[in-house]
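Written below as structure tokens is the structure these notes are about.
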Amino acid sequence: MSEDQLSRVFAALADPTRRGIVSRLAAGDATVSQLAAPYDVSVQAVSKHIKVLTDAGLVTQARDAQRRPCHLEAEVLDLMTRWIERYRRQAEERFGRLDVVLAAMDDDNPASTRVPDPGSANHDPDNQHRQGAA
């Protein structure tokens with residue numbers, strides 16, 4: 001998938017109506033009229049959404065006698081998932097390295113780096129005062 005197509009796919013899915021159409025097509029092929037039924041918009045408006053999805057490579061239309069059913073090209077979604085997964089893995093690796101550094105800091109000086117648990121009784125200064133008075 002070229003970077004330009006990736007941009008078109010993300011831009012196409014930025015619209016909630018188009019995401020709804022993709023969701024519907026994930027269940028199976030449908031005509032434009034069937035896709036327009038749940039929305040309070042014209043068939044022409046849904047056709048424009050289909051055109052954007054088609055230009056992005058997410059949807060194709062076939063000819064079946066008088067009908068032109070829309071079909072979701074799911075492999076484009078797989079490419080998007082791989083693109084997102086690559087950056088998710090990088091972020092996880094960075095957080096893993098940060099965890100190692102923080103654990104090493106805890107081991108070096110446990111008293112100075114320990115963050116009090118906000119839910120503990122020792123964290124509440126009023127509770128400490130009450131405990132001291134009792």
Side-chain angles (χ1 to χ4, degrees):
M1 172 184 288
S2 71
E3 192 70 28
D4 188 48
Q5 185 182 14
L6 190 60
S7 297
R8 284 194 309 256
V9 170
F10 277 114
L13 293 176
D15 183 274
T17 301
R18 290 193 283 263
R19 286 195 305 272
I21 290 170
V22 167
S23 178
R24 166 58 184 87
L25 290 174
D29 294 355
T31 63
V32 174
S33 298
Q34 291 169 326
L35 292 171
Y39 300 102
D40 191 24
V41 295
S42 66
V43 172
Q44 289 79 16
V46 171
S47 290
K48 289 180 181 178
H49 286 299
I50 296 295
K51 170 109 174 70
V52 172
L53 293 169
T54 300
D55 290 346
L58 282 163
V59 171
T60 56
Q61 282 187 289
R63 181 164 296 280
D64 181 22
Q66 299 279 330
R67 302 175 24 162
R68 294 199 56 188
C70 297
H71 174 77
L72 177 66
E73 298 296 333
E75 64 275 359
V76 175
L77 296 175
D78 292 341
L79 294 172
M80 292 176 62
T81 301
R82 277 187 247 134
W83 186 86
I84 292 169
E85 182 65 23
R86 177 178 50 184
Y87 294 105
R88 189 191 65 76
R89 267 187 267 121
Q90 287 178 359
E92 271 188 12
E93 289 170 9
R94 275 186 251 135
F95 282 123
R97 289 193 302 268
L98 179 61
D99 285 344
V100 169
V101 168
L102 291 175
M105 290 173 69
D106 263 354
D107 291 343
D108 290 345
N109 191 1
S112 67
T113 58
R114 188 171 295 142
V115 177
D117 180 12
S120 75
N122 292 334
H123 180 69
D124 183 6
D126 292 334
N127 191 25
Q128 288 175 345
H129 176 72
R130 287 188 296 263
Q131 287 178 346

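Hydrogens, waters and symmetry mates play no part in the numbers below; they use all other heavy atoms, side chains included.
Residue L98 holds its CG atom at 4.5 Å from CG of L102, rounded to the nearest 0.5 Å.
Identified under the salt bridge (charged side-chain N to carboxylate O under 4.0 Å, His left out) test for residues 19-36, with sequence neighbours left out: none. The stretch residues 9-34 participates, sequence neighbours left out, in these ring-ring contact (aromatic ring centres under 6.0 Å, His included) pairs: F10-W83. For residues 92-103, the pairs satisfying side chain to side chain donor-acceptor pair (under 3.5 Å) are R88-E92, with sequence neighbours left out. Counting only residues at least two apart or on different chains, no ring-ring contact (aromatic ring centres under 6.0 Å, His included) pair has a member in residues 49-69.
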Could you give the side-chain donor-acceptor pairs of residues 33-42 under 3.5 Å, partners two or more places apart or in another chain?
{"unit_1": "Q34", "atom_1": "OE1", "unit_2": "T31", "atom_2": "N", "d": "2.8"}
{"unit_1": "Q34", "atom_1": "OE1", "unit_2": "T31", "atom_2": "OG1", "d": "3.3"}
{"unit_1": "S42", "atom_1": "OG", "unit_2": "A45", "atom_2": "N", "d": "3.1"}

Problem set entry | D78/R82 under salt bridge (charged side-chain N to carboxylate O under 4.0 Å, His left out): CA gap, chis, key distance, verdict | CA-CA 6 Å; D78 292 341; R82 277 187 247 134; 5.1 Å; no
For this session: Could you walk me through whether V59 and H71 pass side chain to side chain contact (heavy atoms under 4.5 Å, CB included), step by step?
Result: CA-CA 5 Å; V59 171; H71 174 77; over 6 Å; no
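In terms of the side-chain hydrogen bond (donor to acceptor under 3.5 Å, both in side chains) criterion, residue partners of K51 (sequence neighbours excluded) are, by chain and number, D55. Annotation: side chain to side chain contact (heavy atoms under 4.5 Å, CB included) contacts of R63 (sequence neighbours excluded): R68. Taking F95 as the reference, nothing meets the ring-ring contact (aromatic ring centres under 6.0 Å, His included) condition, with sequence neighbours excluded. Partners of V22 by side chain to side chain contact (heavy atoms under 4.5 Å, CB included), not counting sequence neighbours, listed by chain and number: L13, L53, L72, L77.
Checking L25, T60, L58 one by one against E73, the side-chain contact (heavy atoms from CB on, under 4.5 Å) holds for a single residue, T60.
The heavy-atom pair separating A12 from R18 by the smallest distance is O-NE, 2.7 Å. Between Q5 and G57, the closest heavy-atom pair is NE2-CA, 4.0 Å.
Cluster membership check: V52 does not share its hydrophobic cluster with V9, using side-chain heavy-atom separations under 4.5 Å among Ile, Leu, Val, Met, Phe, Trp and Tyr.
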